[in-house]
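Inspection log for the structure reproduced underneath, given as structure tokens.
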Amino acid sequence: MSGPREAQVQTETQEGATRPEVVLDGKAYRLRRLTVTDTFRLVRVLSKSIGAAILSGQVQELRRATPTEVMGFLAGLLLAALPNAEAEVLDLLGSLVGMKGEEFARLPMGSELEVIAALAQVPELPQVVLSLMRLVAGGQVPFGMQQPV
């Protein structure tokens, strides 16, 4: 199995959305289109992974972050959330490749990193993640707001 940085990512455009592909346990999976349900799943993970006070401080640091840095932060949150939100993280990652969380959990170690790396290839996700973190932290920043430059 390749590492997350070596993930073979191919994309397909459907309804204007870029959908990366990953190879897990020798089988290719295309990430499904992200939906509103994923927003709620991310909020559950964010709210369980770290407290709002801590998140608020980290959001301040991310105001000038690049999309790559925001996605790196999200990857860290997803992994840090495992002790408190294991089921939610497994359900989210599994659902992205068409599996139930329990099925995804049986994949070889490192599969979670492959999906997270592929998720980082979704162009609109960093702004959504940053807005979600601000909302969870009590910042009440609208989703359409651009990051300050």
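Since we're looking at a predicted model, the values are computed, not measured. What you see below is based on every heavy atom in this structure, not just the backbone, and it leaves out hydrogens, waters and symmetry mates. For the single chain, residues carry numbers from 1 onward in sequence order.
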Worksheet item: Does a side-chain heavy-atom distance below 4.5 Å link I116 with L74?
Response: no
Worksheet entry | salt bridge (Lys or Arg N to Asp or Glu O under 4.0 Å) against E112, all qualifying residues, sequence neighbours excluded | none
Practice prompt. With sequence neighbours excluded, give me every salt bridge (charged side-chain N to carboxylate O under 4.0 Å, His left out) pair touching residues 65-82.
Written response: none
Discussion item. Are the side chains of L125 and V70 in contact, using a 4.5 Å heavy-atom criterion?
Written reply: no
Worksheet item: Which heavy atom of E21 sits nearest a heavy atom of R30, and at what distance?
Response: OE1-NH2, 3.2 Å
Worksheet item: Under the side-chain hydrogen bond (donor to acceptor under 3.5 Å, both in side chains) rule, what pairs show up with a residue in residues 92-104, not counting sequence neighbours?
Response: R32-S95, R41-S95
Practice prompt. Give every residue pair that meets the salt bridge (charged side-chain N to carboxylate O under 4.0 Å, His left out) criterion with at least one member in residues 88-99, sequence neighbours excluded.
Written response: K48-E88
Response to the item:
Residues passing the side chain to side chain contact (heavy atoms under 4.5 Å, CB included) test with L90, sequence neighbours excluded, are E86, F104, A105
Response to the item:
Exactly one candidate in V22, L93, L79 meets side chain to side chain contact (heavy atoms under 4.5 Å, CB included) with L113; the answer is L79
Worksheet item: Looking at P126 and M71, what are the two nearest heavy atoms and their distance?
Response: CG-CG, 3.6 Å
Worksheet item: Is any side-chain heavy atom of L34 less than 4.5 Å from a side-chain heavy atom of V128?
Response: no
Response to the item:
All heavy atoms of A118 vs all of P20, minimum pair found to be O-CG, 3.1 Å
Item to complete: Find the distance between OG (S111) and CZ (R106) and round it off to the nearest 0.5 Å.
Response: 12.5 Å
Worksheet entry | Least distance between heavy atoms, L24 atom then L107 atom | CD1-CD1, 3.9 Å
